[in-house]
Amino acid sequence: MLSNSQHPEDIRLETNLKTLVFAFVCVISFALLLVRFLQLQYFEYDNNLKRAEENRTRKVNIKANRGYILDRNGVVLVRNRPSYQISLLYNSLKSKADKDSVFNRLLRITNQDGKRLLDSAALAFSFERGRWQKFRYQRLIEDASQEIVALFEERAEELPGIEILIESRRDYPFGEYGAHIFGYTGEISEQELELPENSHYVMGDRIGKKGLEFSYEKEFRGVNGFRYVEVNAMGREMGPVEGMPFVKAISGNTIVTTIDWKLQEIAEQAIPEGLKGAVVALNPQNGEIYVMVSRPPLDPNIFSLEKKELHKAWASVALDTAKPLTNRAISGAYAPGSVFKIITAAAGLEDNVITEHTKYKSCMGGYKFGNRYAKCHRASGHGMLNVIGALRESCNVFFYQAGLDIGNRRIGEMGRNFGLGATLGVDLPNERAGQLIDSAAYEKLFERRGWKWSHGEVLNIAIGQGALLVTPLQQTAMMGALAWGKGLYRPHFLKEIRSPEGDLIKEIPARKISEGRLSERTRELVLKGMYEAVNAPGGTARRAIVQGIKVGGKTGSTENPHGDKTHAWFAAVAPLDAPEIAVGVILENAGGGGAMAAPVAQRILHAYFYPDTLKQVVK
């Protein structure tokens, strides 16, 4: 029944208006649906199809294996081993309930001792990072043991998004032996990722950090591949997707080194237990390094451990006052000691300041220079000697007087001519240049102490003391080049680069870095002094004799401000008439070079020239 105030015409108009509004709303809604349909079907089709495929398929990166490291005879020195990673793929968790459930279940997993396998804070961080990196695996446990892998495999249905991945880790089968040569790998840091040359790496990749692993990272790296797999609603892989691309990973190249592993093992075993120091053996004809040892030792396998164990091991070696991370063969800088007398002798002979007939004041155990009395190592003295006898018996008094006549400038020039005072370019990081110093550089170096250069400083330099520093590699290369007489060659480890299949890619030629020449007469006299030091009565290096081989060498003992005993030096070359091998040894705080360092070199030389008796030598 109509109200008195409502006219039929008004009611009709109101009804029509409502109809129009309803129709308009329907049209607009339909239009919006149509637009959305068009957007989904046409404009966003490719994107939606991609998202649907991502829910059904997954792109899995295949990491390339690093290339191997071999010795010159094919012995495998560095290889790879499988490593299991317990990882989270956040995109597989479809709801908040899934995320909370998986998070809580992960925290309840314990080992045989009832201890949690995962830390709650670290796990929360991995989940949070997964929100921003949904399609990237987040490592929860790295390098997991078989027991831990079994625990997660048993709970696979309860833990969607949790995957067990297999990666390769570096394996150093000889442990501590050769560690300072090979170096180690580690997870790439954020700072390293920012470098342009590392643009193809991602967080979590492993990269060479030290040694050959660092120097030849580009060769070892290889090329990653990828594949597509179908996944179920729980995110588990069901198998490959047909028709999708598959790119096989290409392993890194193999590095064939110049190392002779049998000699390396002999050198490692020859250093007395508990001593610090270094040993180098190389071929002076081309610079190929056969042996390099640094003590104290380091096991590079610790850098392939999971993070907790790695942090413990790292703290142990990083805080060790003996500095096991330092490669003393290339980074240890020492006074060269009496080995340097060879350079002093060569400088004097080459400039005719001294000859084989030159004899100075008789050695009575020391030399008076102004107010200073410079001692000889033999308190009773050596008597009167020529340059050959002075090298044989390592007489300080002869070289004090010769040094004053020759002068610091000429001695320095001769040292630089044979590679001292500069890096040699060895293919390892952190090589030191050592120090050859003149009067101006001396005063600048010791400016804060107020020290001024004096003529008497030459007395120290002539016998390898004072403001002189060399590395064991430099000392060895110098001895080899002087005996070889045809130049100083860059010391190096890389001999060949080969493909993963073993095909030769590149051979590394020898490279001369200094002429290092002497007149034939000078070289003949210096080598005679080196020969007598090893083989003649009164020689300081008699313990380096190798029967049937013409060995020449020079001992040295350098002052040590941090201990009672001197550092023991010995450097040798053999055979002297056609040098094939040079050996340098330094043992810190060990005493005399002839007593301590020479026997180490003797074992290496004997093993080199008589490999058939190797087992007898090792015993």
Side-chain angles (χ1 to χ4, degrees), residues 70-77 174 177-178 181 256-273 275 277-293 295 329 339 472-473 475-477 479-485 491 493 495 527-528 530-537 539-555 568-587 593-619:
L70 310 181
D71 91 329
R72 64 190 304 113
N73 299 309
V75 177
V76 177
L77 305 178
F174 296 101
Y177 286 8
I181 303 172
V256 180
T257 67
T258 60
I259 300 167
D260 185 319
W261 193 249
K262 289 182 179 179
L263 287 184
Q264 179 76 22
E265 289 183 310
I266 290 293
E268 299 272 5
Q269 297 161 13
I271 299 178
E273 188 70 27
L275 288 183
V279 177
V280 177
L282 55 78
N283 184 343
Q285 299 183 23
N286 54 25
E288 292 185 354
I289 300 173
Y290 295 145
V291 168
M292 183 176 285
V293 181
R295 283 285 185 273
V339 179
L473 178 65
Q475 192 97 296
T476 309
M479 287 287 285
L482 192 148
W484 175 233
F493 285 99
K495 187 174 180 64
L527 294 187
K528 186 175 181 181
M530 291 166 54
Y531 176 79
E532 291 195 4
V534 175
N535 300 280
T540 59
R542 297 277 294 169
R543 296 187 67 180
I545 291 175
V546 178
Q547 208 64 37
I549 303 298
K550 195 174 181 181
V551 178
K554 185 72 191 74
T555 58
W569 268 114
F570 181 64
V573 183
L576 274 180
D577 47 3
E580 297 177 22
I581 184 172
V583 181
V585 180
I586 185 168
L587 301 175
M596 298 301 297
V600 175
Q602 191 271 347
R603 288 185 65 180
I604 296 169
L605 292 169
H606 192 285
Y608 178 83
F609 289 105
Y610 299 107
D612 293 339
T613 62
L614 201 55
K615 291 182 180 179
Q616 297 175 6
V617 176
V618 174
K619 291 178 181 177

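Just so you know, residue 1 is the first one in the sequence shown, and it goes up from there. The figures here come from the full heavy-atom set of this structure, side chains too, leaving out hydrogens, waters and symmetry mates.
Considering every non-hydrogen atom in both V600 and P272, the closest pair reads CG2-CD, 4.3 Å. A pairwise comparison of heavy atoms in V534 and G552 identifies CG2-C, 3.8 Å as the closest pair. Smallest separation of non-hydrogen atoms from R603 and A270: NH1-CA, 3.5 Å. Shortest non-hydrogen contact noted between P472 and I586 is CG-CG2, 3.8 Å. Heavy atoms only, all atoms of each residue included: I289 and L282 are closest at CA-CB, 4.0 Å. The two residues A533 and G553 come nearest to each other via the heavy atoms CB-O, 3.4 Å.
Contact check for I545 versus Q602: no side-chain heavy atoms found under the 4.5 Å cut-off. Side-chain contact check for I181 versus Q264: some heavy-atom pair is nearer than 4.5 Å. A heavy-atom distance below 4.5 Å is found between the side chains of L275 and M596. Residues L605 and V551 are in side-chain contact: their nearest non-hydrogen atoms beyond the backbone lie under 4.5 Å apart.
To the nearest 0.5 Å, the span separating OG1 on T257 from CE on M292 amounts to 11.5 Å. Note that CE of M479 and OG1 of T476 are 9.0 Å apart. Values are rounded to the nearest 0.5 Å. Rounding to the nearest 0.5 Å places CD1 of I271 at 12.5 Å from CD1 of I266. Taking CD of Q269 as the reference point, atom CD1 of I604 lies at 11.0 Å (rounded to 0.5 Å).
F174 is linked by a ring-ring contact (aromatic ring centres under 6.0 Å, His included) to W261, counting only residues two or more places apart in sequence or in another chain. Scored by the side-chain contact (heavy atoms from CB on, under 4.5 Å) test, A481 finds F418, L488 as partners (sequence neighbours excluded). With sequence neighbours excluded, the residues that form a salt bridge (Lys or Arg N to Asp or Glu O under 4.0 Å) with E268 are R295. With sequence neighbours left out, the side-chain contact (heavy atoms from CB on, under 4.5 Å) criterion links R72 to T258, D260, E288, Y290, K495. Legend: residues meeting side-chain contact (heavy atoms from CB on, under 4.5 Å) with P599, ordered by chain and number and at least two apart, are R543.
A distance-only check finds no donor-acceptor pair linking the side chain of Y610 to the backbone of V546 [under 3.5 Å]. With hydrogens and angles ignored, the 3.5 Å screen pairs no side-chain donor or acceptor of E532 with any backbone N or O of G539.
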Contacts under 3.5 angstrom, residues 569-585 side chains, donor-acceptor by atom type, not counting sequence neighbours:
| from | atom 1 | to | atom 2 | distance (Å) |
| --- | --- | --- | --- | --- |
| W569 | NE1 | A335 | O | 2.8 |
| E580 | OE1 | Y608 | OH | 3.0 |

